[in-house]
Each structure stands twice: as C-alpha cells, then as structure tokens.
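Below: the structure, in structure tokens.
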Protein chains: 2
Amino acid sequence: MIEVNHEDTILRTFILFVQSANAALKYADATFFRRAKLSVIKFIVLQVLATNGGSMKPSELAEWTSTERHNITTLVDRMAQDELGRAQRNERDRRFVNITPNDKGMKVLDQAKPVAREIVNQVMSSISENDALLLEKLLKVLKQNAHSGSSIYR
Amino acid sequence: MIEVNHEDTILRTFILFVQSANAALKYADATFFRRAKLSVIKFIVLQVLATNGGSMKPSELAEWTSTERHNITTLVDRMAQDELGRAQRNERDRRFVNITPNDKGMKVLDQAKPVAREIVNQVMSSISENDALLLEKLLKVLKQNAHSGSSIYR
DNA sequence: TATTGTTATACTCTATAACTATA
DNA sequence: TATAGTTATAGAGTATAACAATA
C-alpha cells in the first residue's frame, strides 16, 4: 500500500497526474479533431458500439464513458447532427432506447483508427513493452478506484 | 520501445487510458467542487502560484496548465469573480500581467489540500509505493510525449 | 412505484480569429 | 515588428433539477 507522509509529495503526484492526463487528452482530442473530424469521446462511443453488436442503451454508454444518462442524450444528439448515428425507441420495451451508428459513423470510425494508432504510438513512445503492460494494469486500478470513490462520496 | 502489432490492442490501450483519465478527473473535479467549492484547474493554479512566489504571468500559467494564454485570461476572470485572486498590469513593463492570489484564495487552497490528499489516497489505494513511483515516471514521459507531439502536429 | 430516458438551464472550459497595447 | 495579453464568439461537455414515459 502506498503510504505518503509528506503533503507536498501527495500534491505533486496529484498535480502531475492531472497535468499528464490533461496534456495527453488535449493532444489526442486536437489531433483527432484535426485529422478525423471527431472528438475522442465520439470515437470511443463509435468503437464501443462497434464492438458490442452495433447497438447499445444510453445507460450502458453512460457506464462505459463514466458519465450520466442525460449527457449521453445530448452527446447522441450531437452525433446525430454529425450524421454518425441515431437513437431509436426499442419497440419491444419502450422504456429502452437503441443507439446505433450508421454507415457514415462506421466509415468515420475506420478513418479514425489509424489516427488513434498514431496518437498512442506518439504518447507511448520510449516506453518499454513491460512498462506499457504495467501502465495498463495501473490504469485499470486507477479507473476502478475513481469509480468506487465516486459511489462512496455520492 | 513499445511495438504493438495488433490494432485491437492499440485501441484498447488508448481507450483505457482515456477512460481512466476521464474517470479520475471527473471524480477529482466532482469531489473538489463538492467539498472545497473549487475546480481542479483552479486548485492547480492556486497551488502553482503559491509555490512560485505568489505571482506569475498568464503565459507561464498557460505553460503549466497545457493551454493557451487566452484561456488563462478567462480562467483568471472566473477566479476574480470567486474572489480568489486578481490580474494586475506590471507597471515596470506594461506588456506583462501579474496574477496573484489573495487571502481568500490562499485560505481556500489550504482547505482544499486535505481534499486533494484524500482524492490521491483513494485513487492510488492498493498501489504499491514502487508502482506509484514508476507511475510517476511514466506519467512524466506521457506528458512530455503529448507535449512534443502537440508541437510536431501544430 | 421504480426505472429509463429527456428536457431546460446554466456554467466551465476550450478553440479560432481578430484585436490592442507595449517595447 | 515581435511579443503579451485581451476580447468576441461559438461550441463541446457536464451538472442539477425537474419532468415524461413505461413496465
């Protein structure tokens, strides 16, 4: 278990994490937008939809993107404006909604994948494969901790 | 050097990184706002100001927060509305501006520090000290790579 | 009644572009 | 002319709260 005794060390770690994440996210978002006309969040939604049978509920997407349902509503609205997909009531159980990408959405996703690959290669450059695997492990822990923290404090 | 051959692996890593960072940042922001009435970015600005002699230029803060100068202008506007600090022309060379926290800003920073400590402890829980140190090292590399990537693609 | 999702509203943050002021 | 900073404007994203629809 990490045991940090000096306040300054804690703050430095925290600030470094926020700065690194912000820098990497801004870089990724700017590159995506410039080269694939797509925000990172829309890319992730398209990719998640594509790997989950092509259709998901808003509540599932909210879980995946660490946000609330009403934010998915507005996000899908914007994606519909971009003609990347649409939301449709599930006719069997009309409480539910199916969010589905269309042909343009899948085409844009395909175009964005190489951009994602370049971004990852850039951000991960000079990091050994072992370190990358460890980083992946640590990121999963951070994500889980942030998630369970959210529930605790809510 | 990392050498990833399978597109799915790359995408998974990329998406995991974005999701982890988003989840941690949202958790931190929500906790900060609820408990210290402060956004993470404002906390960082106050902390950076406090550890840099109490006064900095907009361009320096922009560098620190991975953003552009005009965003610092509006951020400091909002901080002035919160009565956390102010921006003043440097009278010796009127091209420059000094951003300075006031008493309330420093008090709010002090109140926010324990919140930051709790957030870090939550997000970093179950991570060993060795792993934390390695994470810190990797984050620095990611931040640097994102930064140099930005310059290259701009 | 509980759950799913939407709407209204306001705010933070960011990006682009054009601008002012100073040295 | 180059640099520092501001302003105007627009848009993405998020949070709160209230609401509608469905089972």
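Residue numbers start from 1 in every chain, and the chains themselves are labelled A, B, ... in the order their sequence lines are given, proteins ahead of strands.
- Looking at residues 72-86 of chain A, you'll see A:Thr74, A:Leu75, A:Arg78 sit with a heavy atom under 4.0 Å from some atom of DNA chain D.
- Comparing A:Ser59 and A:Phe33, the nucleotide of DNA chain C nearest to each residue sits closer to the 5' end for A:Ser59.
- The separation between B:Asn22 atom CG and D:dA12 atom P is 17 Å, rounded to whole Å.
- In this structure, the salt bridge (Lys or Arg N to Asp or Glu O under 4.0 Å) partners of B:Asp82, at least two apart in sequence or on a different chain, are B:Lys42.
- As a whole-Å value, the separation of A:His70 NE2 from D:dT14 C1' is 6 Å.
- In the displayed structure, B:Lys104 atom NZ is contacted under 6.0 Å by more than 12 heavy atoms of other residues, nucleotides or ligands.
- B:Arg95 pairs by the salt bridge (Lys or Arg N to Asp or Glu O under 4.0 Å) definition with B:Asp93, not counting sequence neighbours.
- Nearest-nucleotide mapping onto DNA chain C: of B:Thr67 and A:Arg89, the residue sitting toward the 5' end is A:Arg89.
- A distance of 8.0 Å separates OG1 of B:Thr65 from CD of A:Gln19, quoted to the nearest 0.5 Å.
- Rounded to an integer number of Å, the gap from CZ of A:Arg69 to P of D:dA21 is 16 Å.
- Across all strands shown, B:Asp93 has heavy atoms under 4.0 Å from sugar-phosphate atoms exclusively, and none from any base.
- A heavy atom lying under 4.0 Å from DNA chain C marks the following residues of residues 94-107 of chain A, by number: A:Arg95, A:Phe96, A:Val97.
- For the side-chain hydrogen bond (donor to acceptor under 3.5 Å, both in side chains) test, no residue two or more places apart in sequence or in another chain qualifies with A:Arg78.
- Each of A:Glu91 and B:Asn71 lies near DNA chain D, and the nucleotide nearest B:Asn71 is the one positioned closer to the 5' end.
- Whole-Å rounding puts the A:Ile41 CD1 to D:dT14 P distance at 6 Å.
- The outermost nucleotides of DNA chain C lying under 4.0 Å from heavy atoms of chain A, listed 5' to 3', are C:dT4 to C:dT14.
- Nearest-nucleotide positions on DNA chain D for B:Lys57 and A:Ser39 put B:Lys57 closer to the 5' end.
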